[in-house]
Amino acid sequence: AYVPSGPQRPETTMNNVWEVSNHSNTFQPDPSVRVTICDVTLSPFRRSLQSGRELNFFQYRLSEREVGDICAELRSHSCHIERLKFFRNGLSTKNIRQISNALRQNSSVTHLQIRDNGVDDEVVDPLKQMLI
């Protein structure tokens, strides 16, 4: 369901029963329909980051925007990501620094794996020291 922002937007707790069309095209209350309020201004990639506790980017080339979305989610107070894995993603030195800065503001990540991204140890070592 699309919920507009602004004064018509309901509170985060929804007590409404949504009606669903049945075979005869009449609307029937259906308490089993679940409604999730989402921020439509977020990219689909950013919304997908909010769906799990483990993110495993295995041989997925991350764009600059996707790295930015990951960092924004890591800085979010509602972040639930615990395990973050980057393997052969083409991360640059700049990307590692962005992730490192975002992790400084994060309290949920307990496992970080960065492998085969072609960055120097001098970039990863400060990140490693921060996490120890």
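When Asp69, Asn117, Ile70, Asn95 are each tested for a side-chain contact (heavy atoms from CB on, under 4.5 Å) with Leu62, only one passes: Ile70.
In this structure, the side chains of Glu64 and Gln98 come closer than 4.5 Å at one or more pairs of heavy atoms. Contact check for Leu74 versus Leu84: side-chain heavy atoms found under the 4.5 Å cut-off. Looking at heavy atoms from C-beta onward, Asp116 lies out of side-chain contact with Phe86 at the 4.5 angstrom threshold. Residues Phe57 and Lys85 are not in side-chain contact: their nearest non-hydrogen atoms beyond the backbone lie 4.5 Å or more apart. Using a 4.5 Å heavy-atom cutoff, the side chains of Asn106 and Cys79 are in contact. By the 4.5 Å heavy-atom criterion applied to side chains, Glu54 and His111 are not counted as neighbours.
For the residue pair Ser92 and Val119, the shortest heavy atom distance occurs at C-CG1, 3.8 Å. Between His80 and Ser108, the closest heavy-atom pair is C-OG, 4.1 Å.
A distance of 9.0 Å separates CD of Glu73 from OG of Ser48, quoted to the nearest 0.5 Å. To the nearest 0.5 Å, the span separating CD1 on Ile81 from CG on Leu103 amounts to 9.5 Å. Going from atom CZ of Arg83 over to atom CG of Asn56 covers 9.5 Å, rounded to the nearest 0.5 Å. For the atom pair CZ of Arg53 and CD of Glu82, the computed distance is 5.0 Å after rounding to the nearest 0.5 Å.
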Should Cys71 and Ile99 be marked as a side chain to side chain contact (heavy atoms under 4.5 Å, CB included) after you check the CA-CA gap, both sets of side-chain angles, and the distance that decides it? CA-CA 6 Å; Cys71 293; Ile99 293 167; 4.0 Å; yes
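Residues Tyr60 and Leu91 fall within the same hydrophobic cluster, defined by Ile, Leu, Val, Met, Phe, Trp and Tyr side chains chained together at heavy-atom separations under 4.5 Å.
Under a 4.0 Å N-O distance rule, the pair Arg61/Glu66 does not qualify as a salt bridge.
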